[in-house]
There are 2 protein chains.
Amino acid sequence: MPQHKRDPSGEIASRIIAKATEILDNYGIADLTMRRLARELDVTAGSLYWHFADKQQLLGAVADEVLRPACDTAEATDWQHRITEASQRLRDALLSHTDGAELVSASFAAGQSARMRQILAALADATVDAGVAPENAELAGRTIIYYVLGFTVDEQSRLQWDAAGALEPERSLLDPREALNHTGRAFEFGLSVLIDGLAVRAGNFS
Amino acid sequence: MPQHKRDPSGEIASRIIAKATEILDNYGIADLTMRRLARELDVTAGSLYWHFADKQQLLGAVADEVLRPACDTAEATDWQHRITEASQRLRDALLSHTDGAELVSASFAAGQSARMRQILAALADATVDAGVAPENAELAGRTIIYYVLGFTVDEQSRLQWDAAGALEPERSLLDPREALNHTGRAFEFGLSVLIDGLAVRAGNFS
DNA sequence: ACCTGAACACCGTTCAAGT
DNA sequence: ACCTGAACACCGTTCAAGT
């Protein structure tokens, strides 16, 4: 039997999501409108509502597409490495698409991203291994997510502003990859504050 | 001499901001549009652009209005209390207005809130007293802000969803103030993780 | 100095009717 | 099962012209 109305799992829904991701990458989230998406698919805007309940749900599906590479199963190591790797993979996935951090941040806040729920659960699990009480684990996981999303939204808006020609080119003496390494080290600093804080609460800090 | 065009410091600008805050409190951020704001002020939408460059700037001014009570000068105590009090006053201010957390979060990300810059500077200062290297102080301050904003956006959306009649009333056996006390303790837990993390990096944890 | 009127170029969403 | 056509009720922003 076919999928229920507005269950975005059909083949047509997949093509809608793929085209939406294309628009996101090429023009940014401001240009990802229902009408434009429909136009580029050579359909009418109303037809999208046969596949998705509303725009929020569609953006949630695009967010989950962006997050696909961040959800490969990680090795089972100590909790510190699990948190670090999950956070870095999340940041990398967001930076791989124009306005990726903003899109995922909005979809997470709206409760529309299944993969963000999955990442949250993995982080919460890791904090339990760190010694956090089970009733505080979800909040501890959310705290890490707030940091990663906040940091990366900020980072990406600066990166895209600079890439749009506003930067003085002398500012970074090295190549763009070096700029990413620089903010990458900043990212790790903030993350280590959180991990150290979790270790202290558990009574076992390195 | 009068103020420069689009410097939102005049008396008319203040009345615009006051009316915008009123709309925010009574109807939420989705209803805070330039056209509706103009209508309630009995002017034309275009006239708002004589006082504000664009909607982002106006929302930034409203955000700073929301943040006014969060910026009273705090006592000079130890860095832990300065961080705790600044965070709690920020959260309290956000919870005092409908969609306050969402508004301030967006304005902070857009770099449109002078008072958020001030709060960030105070937090960064406190982390220096905690022993954070000066080149990392702003990031440490931002990390605290990411937490407070992320937590409070979440908390407020749940509170407002529940207040809109979606909750089972048996759920919290006590009065609404008790529900706030509960999330208040959750807020303090996450904050203490960050403070402990900062203390560890400085080598002096309590 | 401040505001109007009118336009420009759009939005998200619904729904009867078609195939 | 899926899409069209057309409507509904809006948006932010600009700018010549008025007072």
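Proteins come first, then strands; the chains are lettered A, B, ... in the order of their sequence lines, and each starts at number 1.
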Nearest heavy atom decides the nucleotide; on that basis, is D31(B) or R35(A) closer to the 5' end of DNA chain D?
R35(A)
Between [options], which one does the side chain of [X] approach most closely?
X: I12(A); options: dC3(D), dT13(C), dC3(C); answer: dC3(D)
X: D54(A); options: dT13(C), dC2(D), dG12(D); answer: dT13(C)
X: Y49(A); options: dC11(D), dC2(D), dT13(C); answer: dT13(C)
X: W50(A); options: dC3(C), dA1(D), dT13(C); answer: dA1(D)
X: A45(B); options: dC11(C), dT13(D), dC11(D); answer: dT13(D)

Need the pair for dC2(D). Rule: Watson-Crick or G-U wobble, both distances under 3.5 Å, any strand; none if unpaired.
dG18(C)
Complementary nucleotide for dC11(D) - Watson-Crick or wobble, under 3.5 Å
none
Rounded to whole Å, please give me the gap between [atom1] in [X] and [atom2] in [N].
X: D42(A); N: dC2(D); atom1: CG; atom2: C1'; result: 16 Å
X: R39(A); N: dC3(D); atom1: CZ; atom2: C1'; result: 18 Å
X: Q56(B); N: dC11(D); atom1: CD; atom2: P; result: 18 Å
X: R36(A); N: dA9(C); atom1: CZ; atom2: C1'; result: 14 Å
X: F52(B); N: dT14(D); atom1: CZ; atom2: P; result: 15 Å
X: M34(A); N: dC10(C); atom1: CE; atom2: P; result: 18 Å
X: E11(A); N: dA1(D); atom1: CD; atom2: C1'; result: 14 Å
X: K55(A); N: dT14(C); atom1: NZ; atom2: C1'; result: 17 Å

Correct closest heavy-atom pair for A63(B) and V104(B) would be CB-CG2, 4.1 Å
If each of V43(B) and G46(A) is mapped to the nucleotide of DNA chain C with the nearest heavy atom, which maps nearer the 5' terminus, i.e. the 5' end?
V43(B)
Respond yes when some side-chain nitrogen or oxygen of H51(B) is under 4.0 Å from OP1 or OP2 of dC3(C), and no when none is.
yes
Are H51(A) and L58(A) side-chain neighbours, meaning at least one heavy-atom pair lies under 4.5 Å?
no
Taking the six-membered ring of F187(A), is the NZ or CZ of R91(A) close enough (under 6.0 Å from the centre) and on axis enough (within 45°)?
yes
With W79(B) as partner, the option from T84(B), I195(B), T127(B) fulfilling side chain to side chain contact (heavy atoms under 4.5 Å, CB included) is I195(B)
Return yes if a side-chain donor-acceptor contact under 3.5 Å exists between Q112(A) and S107(A), otherwise no.
no
Using a 4.0 Å heavy-atom cut-off, does T33(B) contact any base of the nucleic acid, only the sugar-phosphate backbone, or nothing at all?
sugar-phosphate
Rounding to an integer number of angstrom, what distance separates dC8(D) and dA9(C) when you compare their P atoms?
23 Å
